[in-house]
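Numbers here simply count residues along the sequence, with the first being 1. Reckoned from all heavy atoms, side chains included, excluding hydrogens, waters and symmetry mates.
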Amino acid sequence: MSAFDSLHPAIQHHIVNTLAWRTLRPLQEEAIEPILTGSSALLIAPTAGGKTEAALFPLLSRLLGESWEPISILYVCPIKALLNNLEHRLRRYAQWTGRRVGIWHGDVGPGDRNRILKDPPDILLATPESLEVMLVSRRTDQASLFANIQAVVVDEIHAFAGDDRGWHLLAVLDRINRLAEKDLQRIGLSATVGNPETLLGWLKAGGVSPGVVVAPGGGASMQSDVAVDYVGTLRNAAIVVSRLHRGEKRLIFCDSRSQVESLAGELRSHGVQTFVSHSSLAVDERRRAEAAFVEARNCVIVATSTLELGIDVGDLDRVIQIDAPSTVAAFLQRLGRTGRRSGSRRNCLFLATSHEAFIRTLGLLELWSTGYVEPVTPPRKPFPVLAQQVMALCLQEGGVGRHTWHDWLRGVFQAARLTRTESEQLVEHMLDQGYLFQDQGILSIGSAGEEQFGKRHYLPLFSVFDTPPLFTVYHGRTELGAVHQLTFQIKREETISLSLAGRFWRVKHLDWKRRRAFVEPSTEPGRSRWLSAGQPWSYELSQAVLKVLAGSVPAVSLSRRAKDERDAVLSEYAWAETGKTTLVWDENGASWWTFGGGVLNSAIAARLARTRGKLGYDNFAVHIKGQRRIEPNVAGIRELIDEADDLVPPVTDEVREDYKFGECVPEALLESMIGLRFFCVETWDRIRRRDLHLVRNH
């Protein structure tokens with residue numbers, strides 16, 4: 001008997017007759033048995049690999065066969081746009097069985113929320129923050145609402161697990177687990193990751209059900225057409241796009257919202273039908289753009305990673321990447337948007353807009369060609385999330401026992417290797433600072449907690465990240481999106497123009513109190529601002545750049561311009577050699593080219609600065625300015641190599657401020673957490689063992 005025959009007859013009927021599928025994909029076939037038997041699972045396949053169906057078909061079979069009651073399945077996504085995109089598909093599948101789907105996130109109105117509370121659906125789509133709202137709301141009977149939960153699907157799990165939002169998700173699931181009084185079946189969906197077993201263990205931490213990774217071979221290794229062109233500027237990139245691949249549907253990825261808006265404006269000036277998608281656009285504006293793109297043919301949509309995470313924008317002909325993402329995993333996600341039609345191949349064209357971007361692009365493709373994919377590593381010791389969770393539990397339960405609140409978060413404590421001693425230190429500090437109040441062993445929100453997090457019914461408590469100071473932009477009554485307030489901080493006598501939704505706007509009025517900007521269409525180019533720090537490159541990716549500079553050629557197509565630029569790069573970095581570090585110097589200073597990655601180089605710069613003054617750094621080198629003689633620099637570096645057994649980047653005020661609930665954590669615990677998260681002893685050990693090569697730059 002095939003695995004398909006194990007599905008409920010109603011599901012089998014609709015797969016064959018409604019969807020007209022002749023066969024299931026390998027992932028969908030292999031996922032049936034473990035999910036039907038109640039195992040937790042991590043399902044891995046490239047974008048558009050059928051992961052949603054692989055999870056839902058056997059879960060719907062269980063729902064019918066075991067007569068599950070609402071709410072029985074949670075479907076969790078990292079972004080609202082993905083939930084909106086999935087709702088129609090999941091609703092269709094649920095209707096096969098006479099069951100219902102509901103959706104809850106920040107854009108869902110109070111009427112729809114009330115209907116969910118009064119008449120819960122069988123499947124609920126939500127973000128972790130929305131589940132947090134449901135758990136702490138006084139209008140919700142949490143025990144009743146979550147009593148029937150049997151399984152949870154976490155889509156794009158790799159987008160959660162790599163930062164503290166993943167710990168927040170795990171904590172929320174722990175609390176629902178306890179309310180449901182059962183070990184929930186947990187199913188994660190992911191593109192290719194470098195450590196699937198570790199990721200599965202993290203997802204099911206605290207549970208007792210078995211777990212399995214389902215990752216049929218062949219998906220990630222599909223043949224792909226990858227090409228690189230060197231264009232020099234974003235304006236030139238727009239010219240290339242306007243002239244190449246006319247008549248095709250093209251998805252262009254940029255790694256900043258500002259770059260998206262700038263490129264969209266340039267493309268429209270060349271007569272290209274252009275749509276825009278990024279997280280700062282209003283929901284209706286983004287939906288209109290994505291819907292129009294699906295229906296059009298000869299067009300372009302320019303996007304950030306919002307369209308990387310599985311959102312369906314129809315059948316694409318081509319993916320174009322401006323410069324390079326900071327991980328191989330992100331590139332694989334984007335590459336996977338193409339090649340869906342029978343007989344077509346996955347493809348991606350890189351357009352490098354600068355000398356540095358060209359080098360980074362070749363380094364990324366060098367690492368990709370080796371088959372490497374980054375492991376997803378949950379950050380160590382999530383003390384700020386723990387502080388947020390104890391306050392959330394106080395709201396949820398109307399007070400929680402000082403010595404029993406840990407029982408709600410067993411999975412988090414297990415996966416993060418947190419100790420009762422550490423949690424007691426955290427609570428003691430929160431009591432001392434007034435974030436918590438204790439009465440007869442019961443914890444509740446203290447005066448400082450109410451003052452700082454109690455605004456708008458404790459809305460600041462629901463997310464583990466701060467929202468930057470944004471202005472909402474309106475054209476008449478239509479909301480266009482949001483931009484950072486720095487967009488408007490220019491000389492008063494100047495006309496303020498901005499770019500949003502791929503169009504230019506002139507600011508008519510600013511309401512600073514309500515943080516609103518009212519605009520009208522303009523032909524004058526404008527620029528919007530958002531603050532987003534770039535991701536530091538890893539040691540592995542930086543070393544791949546070194547291999548390229550030393551002469552390695554990734555197995556991709558290079559345009560004539562790209563070949564010329566590569567020749568220029570090899571000439572400029574003729575000193576580059578794998579297995580060594582190089583100190584390049586002239587009369588203005590020196591640069592120590594470690595190719596150790598951004599985190600390690602920041603730690604090296606901080607340590608050398610104790611004797612060499614202020615230093616700069618990037619992913620590839622540490623820069624020492626103003627020292628004409630090379631001998632002191634060599635001596636300082638050799639001393640560091642000989643004496644420093646480990647290196648940790650400095651814990652600055654800016655680093656502390658990155659953690660929203662950091663002030664709730666004792667200084668000693670916060671510093672130890674940051675030190676563990678940025679500890680780079682392994683990469684430092686590799687670098688310090690290499691010969692130091694000296695090169696005079698003439």
Just wondering, are more than 12 heavy atoms of other shown residues or ligands nearer than 6.0 Å to CZ in F620? yes
**OP:** List the steps, then state whether side chain to side chain donor-acceptor pair (under 3.5 Å) holds for T52 with Y75.
**Re:** CA-CA 10 Å; T52 296; Y75 198 105; 3.1 Å; yes
Can you give the donor-acceptor pairs under 3.5 Å from side chains of residues 544-558 to other protein atoms, not counting sequence neighbours?
unit_1 : atom_1 : unit_2 : atom_2 : d
K547   : NZ     : E366   : OE2    : 3.2
S552   : OG     : E366   : OE1    : 2.9
S552   : OG     : E366   : OE2    : 3.1

**OP:** I would like to know whether W202 and W167 meet side-chain contact (heavy atoms from CB on, under 4.5 Å); could you show each step before the answer?
**Re:** CA-CA 10 Å; W202 175 85; W167 289 119; 3.4 Å; yes
Looking at R25 and E53, is any side-chain nitrogen of the basic one under 4.0 Å from a carboxylate oxygen of the acidic one? no
*asked:* Apply side-chain contact (heavy atoms from CB on, under 4.5 Å) to residues L234 and Q259 and explain how you reach the verdict.
replied: CA-CA 8 Å; L234 201 63; Q259 198 176 47; 3.9 Å; yes
Tell me whether R235 at atom CZ has more than 12 heavy atoms from other residues, nucleotides or ligands lying less than 6.0 Å away. no
Please lay out, stage by stage, how R566 and L570 fare under the test side-chain contact (heavy atoms from CB on, under 4.5 Å). CA-CA 6 Å; R566 180 178 176 272; L570 292 180; 3.5 Å; yes
Value for CG (N347) from OG (S224), rounded to nearest 0.5 Å, stands at 8.5 Å
Q. Got more than 12 heavy atoms from elsewhere within 6.0 Å of CD, E682?
A. no
May I ask you to say whether R677 pairs ionically with D163, meaning some side-chain N is under 4.0 Å from a carboxylate O?
-> no
Closest heavy-atom pair, I239 versus S242, reported as atoms and distance to 0.1 Å, is O-OG, 2.7 Å
>> Please tell me whether T594 and N601 have a donor and an acceptor in their side chains that are separated by less than 3.5 angstrom.
In response: yes
Notebook entry, point to check: Taking T487 for the side chain and R529 for the main chain, is one N or O donor matched with an acceptor at less than 3.5 Å?
Noted result: yes
| field | Distance-only donor-acceptor check, side chains H278 and R257, under 3.5 Å | value | no
Ion pair present between D685 and R689, side-chain N to carboxylate O less than 4.0 angstrom? yes
query: Which of parallel (below 30°), tilted (30 to 60°) and perpendicular (above 60°) describes W593 and W575?
result: tilted
Next on the checklist: I want to check something: taking the side chain as every heavy atom from C-beta on, are K51 and L27 in contact at a cut-off of under 4.5 Å?
Outcome noted: yes
